[in-house]
Amino acid sequence: MHAIEKILAKASGRTFVKAGEIISAKVDFAEINDLYLQTIKSFDEMGGEMVWDRNRLTFVFDHYAPAPTIKSAAIHQEMRDFAKVNHLTHHFDINEGVCHQVMPEHGVICPGTIVVATDSHTTTHGAFGAFGTGIGATDMATVMMTGELWFRVPEIIEIRIEGTPPKNVLPKDVVLSILGKLKADGAVYKAIEFSGSYIKQLDVPGRMVICNMAVEMGAKTAYMQPNDAVLKYVGERAQFPFEVHYSDEDFAFSETHHFDITHLSPQIAMPHSVDNVVAIEAVPQIKVNQGFIGTCTGGRVEDIAIAAKILKGHKLDRYVRLVVIPASKEVLQTCMKLGYIQDLIDAGATISTPGCGPCLGAHEGILAPGEVCITASNRNFPGRMGSVAAEIYLASPATVAASVKNGYISDPRQV
Amino acid sequence: MKTQIEGAVIILKDNIDTDQIYPGRYLELVNPEEIKTHCLEGVSPEIAKHFIPGDIIVAGRNFGCGSSREHAPIALKHLGVSLIIADSFARIFYRNALNLGLPLIICKGLSEKLKAGDSLSVDLTQSVIKIAATGETFDCEHIGEHALSILEAGGIKPLMKKRFQKKEGNERS
Ligand code: SF4
């Protein structure tokens, strides 16, 4: 069996599962973000009273943090009340950051566990060897009541990544290049294991970027075998006991894809599709109105650090904006200590408090018709960050920084 | 749930994501009657305006990709979509629709064979689709027993209600 199958087998009280089977599995941790008041409504409707385990369910207020409208403030209010009544052990209000960053930081994501959240980017937690998957409101309401959920055991695709990329070519470029080849539906209903020499040595933030974007290929979950960096990170934070699973040597993947990233160029996903990916050399001179560094994909310390390095001592053109939103309070505090926030403000960046910001077009930097944005986030669907007539280019934080520095989409290897 | 469905088609492309089905700026709405007015607004605001309840959506690959927002299937369901047929569905959307009792089936390549104004009659248990005007038929993928049982119950909510009522009853007895 694969490690993913072992996780599912254990959670469903079996010794063996195989692809295609429908199983009912115990959930180790569940998270609901502030777009999902619906979960509480469905929970009530289905006759729910108290949640199944107050230690294993949390709310993270990130999409509307802090509340931009009266309606979203009312959503927070109702969810806060529910958290209080249910005595939820963990509660992350508007001061904490994006769920996929906040949860690992607080040690609720552990290897070998099943994590569900009302958010498609829950695949991020494969970085820690967890089975993370996004679910909708009604599925979540059943988890709140029973602590269990049905799953179809997925086929598993292997993506082997070998080599070391050139300077200023980042994990985001690696995953964009894979997305460009496998396409937006390359892994629908399947799981992806990322492996190979690159993944073996990759640090925690880099692993999170790649697993985060696995969902853009349609994947149900992503998996990376925990390495020393992961075990150290989790070891310092874990709130629950955990077990690392290993795949059997004779496990057969449904497909294997090989990537060598030794000579990879920075990659750009052009509007309006995540898989419309080209190498930066093929991008003509495109003027940018706004850059965005932030989100569960590109808002970690490393992302902000590289932007600060590229922009330190430089002044942005007065008509070019750079919005920087650290993914969490911990990220913000670290970046302040290390001076990155100061450098970015000096260069002319706008800093907002941790949360999703304009990633899904809710607030804090949404786009006008005809505007061009280059962003370290994960989706460039029409209208994702505001007007449907805006153009969104996905790139690494280094490429975003180089681009706002020059005022047009630029190669970070040349700054 | 009806297992025989008839309706006129609305044809959509590949990769219709949930931001196009239900734009992020309306996510704070909670009333389905309000939610449905923005259905497919990212494709065209005209669709919801001219929609006739019972119409069938026929799309290309990867319908419902992107965000896990349940607003997307809620909007489609309350607008009166009777069935969604696509080359493939994104996983979370598929589950969400099923959980709400909104039927959806996979039929590869159907969207390319239809034109606006065509009507279909679909038999969900037999997995057969017929174009009303020409009588031409297509086989689609079988929905599967597990999914069919959820649809037949009208979604997950009635199933859960039943399960919890039973439990309480047992405890009392
Ligand atoms: S940062 Fe963007 S992608 Fe991540 S959870 Fe928030 S809205 Fe979703």
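In what follows, every chain begins at residue 1, and chains take the letters A, B, ... in the order their sequences are listed.
Contacts between A:A362 and chain B at a heavy-atom distance below 4.5 Å are absent for every atom of the residue. With a threshold of 4.5 angstrom between heavy atoms, A:Q38 approaches chain B through side-chain atoms but not through N, CA, C or O. Looking at B:F93, there are no atoms closer than 4.5 Å to chain A (heavy atoms on both sides), in backbone or side chain. Of the two parts of B:L159, neither the backbone nor the side chain holds a non-hydrogen atom closer than 4.5 Å to a non-hydrogen atom of chain A. The contact between B:L98 and chain A is made entirely by side chain atoms (from C-beta outward), counting heavy-atom distances below 4.5 Å. Proximity to chain B involves both the backbone and the side chain of A:L360, based on heavy atoms less than 4.5 angstrom apart. Heavy atoms of A:F43 lying under 4.5 Å from chain B are absent altogether. Looking at A:V215, there are no atoms closer than 4.5 Å to chain B (heavy atoms on both sides), in backbone or side chain. Of the two parts of A:R379, only the side chain, counted from C-beta on, holds a non-hydrogen atom closer than 4.5 Å to a non-hydrogen atom of chain B.
If you take CH2 on A:W150 and CG on B:N99, they are separated by 7.0 Å, rounding to the nearest 0.5 Å. How far OG1 of A:T142 is from NZ of B:K157: 11.5 Å, rounded to the nearest 0.5 Å. To the nearest 0.5 angstrom, B:N15 atom CG is 6.0 Å from A:D185 atom CG. Atom NZ of B:K162 is separated from atom CE of A:M46 by 14.0 Å, given to the nearest 0.5 angstrom. Of the inter-residue distances, the one linking A:L35 atom CG with B:E70 atom CD reads 12.5 Å to the nearest 0.5 angstrom. Going from atom OG of B:S67 over to atom CZ of A:F381 covers 9.0 Å, rounded to the nearest 0.5 Å.
Relative to the six-membered ring of A:Y36, B:R69 misses at least one condition, a distance below 6.0 Å or an angle of at most 45° to the axis.
For B:E46, the CD atom counts as densely surrounded, since its 6.0 Å shell holds more than 12 non-hydrogen atoms of other residues, nucleotides or ligands.
Comparing A:D119, A:V388, A:D275 by heavy-atom pairs within less than 4.5 Å of chain B, the highest count is held by A:D119. For the options A:T133, A:D139, A:V188, A:I22, heavy-atom pairs under 4.5 Å to chain B are most numerous at A:D139. When A:G218, A:P382, A:G383 are compared by the number of non-hydrogen pairs under 4.5 Å with chain B, A:P382 comes out ahead. Ranked by heavy-atom pairs under 4.5 Å with chain B, the first of A:D34, A:T69, A:L37 is A:T69.
The shortest distance between side-chain heavy atoms of A:T138 and B:L100 falls below 4.5 Å.
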Test log, rule side-chain hydrogen bond (donor to acceptor under 3.5 Å, both in side chains), inputs A:T146 and B:R163: CA-CA 11 Å; A:T146 64; B:R163 178 170 156 192; 4.8 Å; no

Steps toward side-chain contact (heavy atoms from CB on, under 4.5 Å) verdict (B:Y94, A:Y189): CA-CA 10 Å; B:Y94 187 85; A:Y189 252 91; 3.4 Å; yes

Pair B:F164-A:E49, side-chain contact (heavy atoms from CB on, under 4.5 Å): steps then yes or no: CA-CA 11 Å; B:F164 270 76; A:E49 281 169 14; over 6 Å; no

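When atom types are taken as modelled, the side chain of B:N62 and the backbone of A:A184 share a donor-acceptor pair closer than 3.5 angstrom. A donor-acceptor contact shorter than 3.5 Å is absent between the side chain of B:S68 and the backbone of A:G134.
Residues from residues 22-31 of chain B that place a non-hydrogen atom less than 4.5 Å from a non-hydrogen atom of chain A comprise B:G24, B:R25, B:L27, B:E28, B:L29, B:V30, given in numerical order.
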